[in-house]
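These notes are about the structure you will find just below.
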Amino acid sequence: MPEIRLTMTAEARTVLSDLLRLIAPAAARVAVRRARIPADDEDVTGYWTGALEAHASEEARLLASAFATAKGDPAVILLRNEAQALGFLRAISSVRLALRELVFNDIPDSRLEASEDLDDESLPAEKRHALACYACFGLLQQSLVAQLSPESMD
Amino acid sequence: MARPKIKPEVRTETSAKAERRWNVIVRNDPVNFMGYVVVAFVSVLRVSHESAKRLMRLIHEEGRATVWTGDRERAEMLALELQQWHLDARLEQDA
């Protein structure tokens, strides 16, 4: 797999990194909480929960490291192999789910899908900021899928 | 000479119980993009991109779909892996 580059402005890198510091620990908890874990076998439940926790923590580390090492303007995140790229994809999904659940769970899905509504000035500033980051992480994820697996795009 | 029927009947029942099939269900979610879900299915279920897209569209249109059916151990492993992709995956026993 050729090296994959994700490029963003230095300002975007700073804003997204700041948000990650706040949301990444919660993202791991959300990932475990929202999972439907079978409860009829204690051993399976324990293994399953542990596997999700370990995976979520690893994703948070990967994301933090990727943003921390993205220097310059524009800032470039380099993903050197498929495992890194797939891990980065999952990590972004985890962060978006955590934002959805923890910061703007009161906004209907239909409204989230209409990007022009995301900058609604009637929303509190913090929520608008989180929505903008949610959209940015979405763009990064789409860009990564398009580079990693163009045949997956419609 | 005819064999006693008790043991074979017990064995059959045990065998049927052991062979119960389990479905891995994935439900639609508003956060994950379609392309991302396709990548997840290709990676976890080892299906072609076309099959993964068909499953993804079914989930998008119907709200949920069975993405795999089989023995419980394998179903557990696949459901866990799909959850590690942050998809809304769960196990259900086949009716």
Side-chain angles (χ1 to χ4, degrees), chain A residues 27 30-32 34-41 43-45 47-56 58-59 82-83 85-87 89-101 107-113 134 137-139 141-154, chain B residues 17-18 20 22-61 63-64 66-67 71-93:
Chain A
V30 168
V32 175
R34 69 188 290 275
R36 310 285 173 162
I37 301 172
D40 59 346
D41 183 324
D43 288 341
V44 171
T45 305
Y47 171 79
W48 198 298
T49 306
L52 285 175
E53 284 171 348
H55 201 262
E58 179 56 32
E59 282 174 355
E82 190 178 27
L86 295 178
L89 264 187
R90 289 190 296 264
I92 292 176
S93 173
S94 170
V95 167
R96 280 170 49 87
L97 282 161
L99 285 170
R100 180 77 182 94
E101 185 164 321
I107 298 179
D109 294 335
S110 55
R111 197 167 163 199
L112 270 185
E113 286 168 9
Y134 176 85
F137 280 121
L139 289 173
Q141 194 181 52
Q142 296 269 57
S143 169
L144 184 47
V145 170
Q147 291 183 70
L148 180 67
S149 177
E151 59 273 56
S152 296
M153 305 290 280
D154 261 337
Chain B
K17 195 174 179 179
R20 275 182 190 161
W22 290 77
N23 296 326
V24 179
I25 310 288
V26 175
R27 297 195 347 163
N28 194 34
D29 78 70
V31 174
N32 288 311
F33 292 112
M34 292 178 175
Y36 172 83
V37 175
V38 172
V39 174
F41 286 162
V42 170
S43 175
V44 176
L45 303 174
R46 306 284 176 195
V47 295
S48 67
H49 283 90
E50 284 315 305
S51 298
K53 281 183 183 176
R54 271 198 298 277
L55 285 172
M56 178 274 292
R57 287 193 195 105
L58 190 60
I59 292 164
H60 187 68
E61 288 160 10
R64 58 176 264 161
T66 300
V67 300
D71 67 276
R72 174 154 184 167
E73 194 175 340
R74 176 92 177 125
E76 283 175 351
M77 200 181 82
L78 292 174
L80 171 59
E81 284 187 40
L82 290 168
Q83 287 181 2
Q84 288 175 327
W85 275 84
H86 309 291
L87 302 188
D88 188 354
R90 62 194 65 199
L91 285 180
E92 282 182 10
Q93 200 161 5

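All values reported here derive from a predicted model rather than from experimental measurement. In what follows, every chain begins at residue 1, and chains take the letters A, B, ... in the order their sequences are listed.
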For this session: Heavy-atom distances under 4.5 Å only: say whether A79(B) touches chain A with side chain, backbone, both or neither.
Result: both

For this session: Please look at L91(B) and chain A and tell me whether the side chain, the backbone, both or neither of the residue comes under 4.5 angstrom of a heavy atom of that chain.
Result: side chain

Which value, rounded to the nearest 0.5 Å, describes the distance between [X] atom [atom1] and [Y] atom [atom2]?
| X | Y | atom1 | atom2 | result |
| --- | --- | --- | --- | --- |
| S152(A) | M34(B) | OG | CE | 13.5 Å |
| R72(B) | D40(A) | CZ | CG | 4.0 Å |
| E151(A) | S48(B) | CD | OG | 10.5 Å |
| R36(A) | E92(B) | CZ | CD | 10.5 Å |
| Y36(B) | L148(A) | OH | CG | 12.0 Å |
| I92(A) | F33(B) | CD1 | CZ | 10.0 Å |

Problem set entry | Partner of H86(B) by side-chain hydrogen bond (donor to acceptor under 3.5 Å, both in side chains), out of E59(A), R34(A), R90(A), R96(A) | E59(A)

Problem set entry | Partner set under side chain to side chain donor-acceptor pair (under 3.5 Å) for R90(B), not counting sequence neighbours | D88(B)

Exercise. Which pair of heavy atoms, one from Q84(B) and one from A51(A), lies closest together, and at what distance?
Worked result: NE2-O, 3.5 Å

For this session: Of all the heavy-atom pairs spanning G35(B) and M153(A), show the shortest one and how long it is.
Result: CA-SD, 4.5 Å

For this session: Heavy-atom pairs under 4.5 Å with chain B are the metric here; pick the option from I37(A), L86(A), V30(A), L144(A) that has the most.
Result: L86(A)

Exercise. Should we say atom CD of E73(B) is surrounded by more than 12 heavy atoms from elsewhere, each under 6.0 Å from it?
Worked result: no

